[in-house]
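See below for the structure under consideration.
Just so we're on the same page: letters track the sequence lines, and every chain starts at 1.
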Amino acid sequence: AQSVTQPDIHITVSEGASLELRCNYSYGATPYLFWYVQSPGQGLQLLLKYFSGDTLVQGIKGFEAEFKRSQSSFNLRKPSVHWSDAAEYFCAVGSTGNQFYFGTGTSLTVIP
Amino acid sequence: NAGVTQTPKFQVLKTGQSMTLQCAQDMNHEYMSWYRQDPGMGLRLIHYSVGAGITDQGEVPNGYNVSRSTTEDFPLRLLSAAPSQTSVYFCASSFRGHTGELFFGEGSRLTVL
């Protein structure tokens, strides 16, 4: 069965520090992988996606993610975090059954 | 562009009452879906549709009904609300189903007393 695991429930970083949010997935075929961000009281917005090709993908707001098939991971990174990055982040996988599976989310706090 | 519009934004129901959450999109997306978001659970798929007249169950469909009579609209019905259905509900649409970006509405917060 498809599943997505985000092992970190909450992360706190200082502004300007680097960030890595972890995502592991379980999926039999080549996955369609996504990272979404949710600001308080808002819907989710796509940060980036991976379907095939280059395993390092660039997204909006300076985010990037690396697909590692051997580790079943799709970790999100940002070199320098801004206070406006404080939000909840969700990793998701799209399955061939036209369903999406989301992780439980990682809440990011940014300290000035 | 309106994108995905959900109504109402807030609703309080009593156990056993029925209601419909409305969802409309103006992007001509064939794929539409409903999720519920609960603390510590992430988003879980309730129902989805790949086009007008076609609906299917997701991960947590019990207690919910959907229909898709037009491309634009995908209402979610609670026939007999239960406290376990207290949640934030999101409607989302996509141009290319599971391979495409999901566009989300702003959510509907439902409380069942």
Practice task
Determine the minimum heavy-atom distance between A:I11 and A:E20, stating which atoms define it.
Solution key: CD1-O, 3.9 Å
Show me the side-chain donor-acceptor pairs of residues 53-63 of chain B shorter than 3.5 Å, one per line, residues at least two apart or across chains.
residue	atom	partner	partner atom	Å
B:D56	OD2	B:Y48	OH	3.4

Exercise for the section: Spell out the residues in residues 39-59 of chain A that have some non-hydrogen atom less than 4.5 Å away from a non-hydrogen atom of chain B, in order of number; otherwise answer 'none'. Expected result: A:G41, A:Q42, A:G43, A:L44, A:L46, A:K49, A:F51
Handout entry: Part of B:Q37 lying under 4.5 Å from any heavy atom of chain A
Key = side chain
Problem - Close aromatic pair by centroid cut-off 6.0 Å: A:Y27 and A:Y101 - result: no
Exercise for the section: Quick one: closest heavy-atom pair of B:D26 and B:G3, and the distance? Expected result: OD1-N, 3.0 Å
Problem - Whether B:S108 side chain and B:P8 backbone form a donor-acceptor pair below 3.5 Å - result: yes
Handout entry: Segment of B:L43 engaging chain A (4.5 angstrom heavy-atom cut-off)
Key = both
Exercise for the section: For residues B:S49 and B:R68, report the shortest heavy-atom separation together with the two atoms involved. Expected result: OG-NH1, 2.7 Å
Completion exercise
Whatever's closer than 4.5 Å to a heavy atom in chain A on B:F103 counts as neither
Practice task
Measure from the side-chain N and O atoms of B:T71 to the backbone N and O of B:E30, and report whether any donor-acceptor pair falls under 3.5 Å.
Solution key: no
Practice task
Please report the closest heavy-atom contact between A:C23 and A:V4, naming both atoms and the distance.
Solution key: SG-CG1, 3.7 Å
Exercise for the section: Select all residues of residues 63-95 of chain A having any heavy atom within less than 4.5 Å of some heavy atom of chain B, and report them by number, or 'none'. Expected result: A:F90, A:G94, A:S95
Handout entry: Donor-acceptor contact below 3.5 Å, side chain A:S26 vs main chain A:Q2
Key = no
Problem - Aromatic contact, A:F102 with B:Y35 (centres under 6.0 Å) - result: yes
Practice task
Tell me the residues of residues 105-112 of chain A whose non-hydrogen atoms fall below 4.5 Å from those of chain B, in number order.
Solution key: none
Exercise for the section: Side chain from CB out, backbone as N, CA, C, O: work out which of these in A:Y32 comes under 4.5 Å of a heavy atom of chain B, or both, or neither. Expected result: side chain
Practice task
For the residue pair A:F100 and B:L45, establish whether any side-chain heavy-atom pair is separated by less than 4.5 Å.
Solution key: no
Fill in the blank from the handout: The interface call for A:Q6 against chain B, heavy-atom contacts under 4.5 Å, is neither
Exercise for the section: Indicate whether any N or O donor in one side chain lies under 3.5 Å from an N or O acceptor in the other, for B:S87 and B:D38. Expected result: yes
Exercise for the section: Say whether, by atom type as modelled, one donor and one acceptor occur between the side chain of A:S14 and the main chain of A:A17 under 3.5 angstrom. Expected result: no
Exercise for the section: Might you point out which heavy atoms bring B:G16 and B:S80 nearest each other, and give the distance in Å? Expected result: CA-OG, 3.5 Å
Problem - Best-contacting candidate, B:C91, B:G100, B:P39, B:A92, against chain A by heavy atom pairs under 4.5 angstrom - result: B:G100
Fill in the blank from the handout: Nearest heavy-atom approach of B:G107 to B:Q6 is N-OE1, 3.2 Å
Practice task
Please check if the side chain of B:Q85 supplies one atom and the backbone of B:L110 the other of a donor-acceptor pair under 3.5 Å.
Solution key: no
